[in-house]
Protein chains: 2
Amino acid sequence: MTSHHHAFDDAIALEAIEAGRYAGRTHAAWGNMVGPFGGITAATLLNAAWIDARRIGEPLSMTVNFAGPLSDGAFVIDAHPVRTNRTTQHWSLTMFQRDAITTTASAVFATRRDTWSAAELHPPDVPAADGVAITPSPIPFEWPRRYEMRFVRGPWPDLKLDEPLPESESLLWLRDDPARPLDALSLVAQCDVFYPRIFRRRQRFTPAGTVSMTTYFHAEAAAFAEQGSRPVLARARGQRFTHGFFDQSAEVWSDSGQLLASSHQVVYFKE
Amino acid sequence: MTSHHHAFDDAIALEAIEAGRYAGRTHAAWGNMVGPFGGITAATLLNAAWIDARRIGEPLSMTVNFAGPLSDGAFVIDAHPVRTNRTTQHWSLTMFQRDAITTTASAVFATRRDTWSAAELHPPDVPAADGVAITPSPIPFEWPRRYEMRFVRGPWPDLKLDEPLPESESLLWLRDDPARPLDALSLVAQCDVFYPRIFRRRQRFTPAGTVSMTTYFHAEAAAFAEQGSRPVLARARGQRFTHGFFDQSAEVWSDSGQLLASSHQVVYFKE
């Protein structure tokens, strides 16, 4: 992946310090309430394996554990292939700030080959992207401004309403803003654009944050090339909220209706 | 968790060798085509953190990466809390055989507290467990005989049919056999009882195996106590099959209709 001189590529940029150790820095354009947007942290961790000379294949799965707060500033990533098989490679990734572990991750890379294929989950029926209005982000953080969001259902909630809804689904056409050709790095970040589903479900603010996020990649080089920088269809909803945590599941689809990634996370909430 | 003198507890039993290092051994009662059932490996890894004196809280999430084959025989698990927060604790777990990494895992433990709660995903409408016949396992491996399975839909496929089906769902009442009170350890194993969905979808054999599996636990001590050893309702289906891999998602419900866990995996298949 070449640099597009894009804020995304600037944010995930890493410098090799020694074998398997990379230095990076949070980017103001991706700021969240505290520290950076989790999706950009996931993409940065994935990038450490992606740019490593030992890497084989393309991303197949990734789990990111948000172990502690990441502050604005410098960080270090340790990236090690723990096992390399004929067609899969397992990576262990750890992000540090001042010697404290902020984030751990595992990723599996795989060489893809043609096989029997079939879709089972089908995309929801929606109008084309250019028929859906762009909703500017109403929240005072930077990262949502890096995305063009066209909500079909479940837009940014009005947290002042304080009135529970029966469900938490959001369904939107989504694109990097400015546009950038889709790849696994931007896709894993896009899988985290769904703000905590409890905000949508309750229309009320509570402190909340992703604890762990897992993404499965169906897209490989040809699918990314086919999608280019056109909007993808993205959907998420919560499953159960209880005892201070909930799980949410998401899908990202190509505009031709192919499932590009499925992604799941467990999220903390305060009350 | 005390020993119930149950094959499950025998299989996940570990001996502390030194701080954060445990020795175990695969158990013949949980044999799969090659090595043990993945679910018992997940439970054994979780048990290493569970029995560790440093552990706080109960399991919230777990990702297991099946990096390489686990052979029948002895193994070692390294278990380390990489970060302990006020209410969450992040663990890194690694399983070795003869100094080769076979399996890596991360787990998050959390102390639970009463909060706002809501269900969003609802259980399918099914007859009560005692109204559904038990299907004995037709496959020549040991692990399915450790479960009582009552299929409402999508039973063990007849792989000789070699005729694709439009979907891969299985829905069943599930219980350890002999019965054992449910806990997080048995629950994570139960989340892997769904044989690769491609067998159901294609009704044909192809080499296949789980690459990575992530489970989110909603159940905590009170929910496990309420469920006891009665059957749980379990459901899984594939999402997309392409380029040698597919993802499948599963849910496990209490018999009172509460989501106890959601679980997802990406699976390799050969052709």
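Each chain gets a letter, A, B and so on, in the order its sequence line appears, and its residues count up from 1.
To the nearest 0.5 Å, atoms CG (Asp192(A)) and OG1 (Thr215(A)) are separated by 8.0 Å. In this structure, Met213(A) CE and Gln248(A) CD are separated by 9.0 Å, a value rounded to the nearest 0.5 Å. Remark: Ser106(B) OG to Trp91(B) CH2 distance equals 13.0 Å, nearest 0.5 Å. A distance of 12.0 Å separates CG of Asp183(A) from CD of Gln227(A), quoted to the nearest 0.5 Å. Between the CD atom in Gln97(A) and the OG1 atom in Thr26(A) there is a gap of 7.0 Å [rounded to 0.5 Å]. The CG atom of Asp78(A) sits 6.0 Å away from the OG1 atom of Thr94(A) when rounded to the nearest 0.5 Å.
Contact of Thr242(A) with chain B is made through backbone and side chain together, with heavy-atom distances under 4.5 Å. The parts of Phe269(A) that come within reach of chain B are both its backbone and its side chain, each placing non-hydrogen atoms under 4.5 angstrom from that chain. For a residue to count as touching a neighbouring chain, one of its non-hydrogen atoms must lie under 4.5 Å from one of that chain's; by this rule Phe217(A) does not touch chain B. For Val82(A), the parts lying under 4.5 angstrom from a heavy atom of chain B are both the backbone and the side chain. With a 4.5 Å cut-off on non-hydrogen atoms, Glu220(A) touches chain B through its side chain but not through its backbone. Heavy atoms of Asn85(B) lying under 4.5 Å from chain A belong exclusively to its side chain. Using a 4.5 Å cut-off between heavy atoms, Met62(A) does not touch chain B at all. In this structure, chain B has heavy atoms under 4.5 Å from both the backbone and the side chain of Gln239(A). At a 4.5 Å heavy-atom cutoff, the contact between Thr214(A) and chain B is made by backbone and side-chain atoms alike. Looking at His243(A), the atoms closer than 4.5 Å to chain B (heavy atoms on both sides) sit in the backbone and in the side chain alike. Both the backbone and the side chain of Ser212(A) come within contact range of chain B, judged by heavy atoms closer than 4.5 Å. When heavy atoms are compared at a cutoff of 4.5 Å, Arg112(A) approaches chain B by way of both its backbone and its side chain. Using a 4.5 Å cut-off between heavy atoms, Arg240(B) touches chain A through backbone and side chain atoms alike. Looking at Thr111(A), only its backbone comes within 4.5 Å of chain B, counting heavy atoms on both sides. The contact between Arg202(A) and chain B is made entirely by side chain atoms (from C-beta outward), counting heavy-atom distances below 4.5 Å. Of the atoms belonging to Asp247(A), heavy atoms from both backbone and side chain fall under 4.5 Å from chain B.
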Exercise. Should Thr41(A) and Met95(A) be marked as a side-chain contact (heavy atoms from CB on, under 4.5 Å) after you check the CA-CA gap, both sets of side-chain angles, and the distance that decides it?
Worked result: CA-CA 9 Å; Thr41(A) 301; Met95(A) 182 179 277; 3.8 Å; yes
For this session: Give the C-alpha distance, both sets of side-chain angles, the deciding distance and a yes or no for side-chain contact (heavy atoms from CB on, under 4.5 Å) between Tyr216(A) and Phe245(B).
Result: CA-CA 10 Å; Tyr216(A) 302 131; Phe245(B) 298 94; over 6 Å; no
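The aromatic rings of His264(B) and His264(A) sit parallel, their planes meeting at an angle under 30°, below the 60° perpendicular limit.
In terms of heavy-atom pairs under 4.5 angstrom with chain A, the leader among Thr63(B), Thr88(B), Val108(B) is Thr63(B). The candidate with the highest count of non-hydrogen atom pairs below 4.5 Å against chain B, out of Phe241(A), Tyr268(A), Phe246(A), is Phe241(A). Of all the listed residues (Glu169(B), His122(B), Arg201(B), Glu271(B)), the one sharing the greatest number of non-hydrogen pairs under 4.5 Å with chain A is Arg201(B). Contact count against chain B (heavy-atom pairs under 4.5 Å) is highest for Arg83(A) among Arg83(A), Lys270(A), Glu251(A). Options Gly238(A), Ala119(A), Pro164(A) differ in how many heavy-atom pairs under 4.5 Å they form with chain B, and the most are formed by Gly238(A). Highest contact tally toward chain B, considering only Ser61(A), Pro166(A), Ala118(A), is held by Ala118(A) [criterion: heavy-atom pairs under 4.5 Å]. Considering only heavy-atom pairs separated by less than 4.5 Å from chain B, the leading option among Ser262(A), Ser168(A), Ser92(A) is Ser168(A).
For Phe75(B) and Phe96(B), the ring centers are positioned 6.0 Å apart or more.
By the 6.0 Å and 45° rule, Arg197(B) stacks over the aromatic ring of Tyr195(B).
For Arg237(B) and Glu120(A), the salt-bridge test fails: no basic side-chain N is under 4.0 Å from an acidic carboxylate O.
Heavy atoms from other residues, nucleotides or ligands lying under 6.0 Å from CD of Glu167(A) number more than 12.
When atom types are taken as modelled, the side chain of Thr102(A) and the backbone of Gly68(A) share no donor-acceptor pair closer than 3.5 angstrom.
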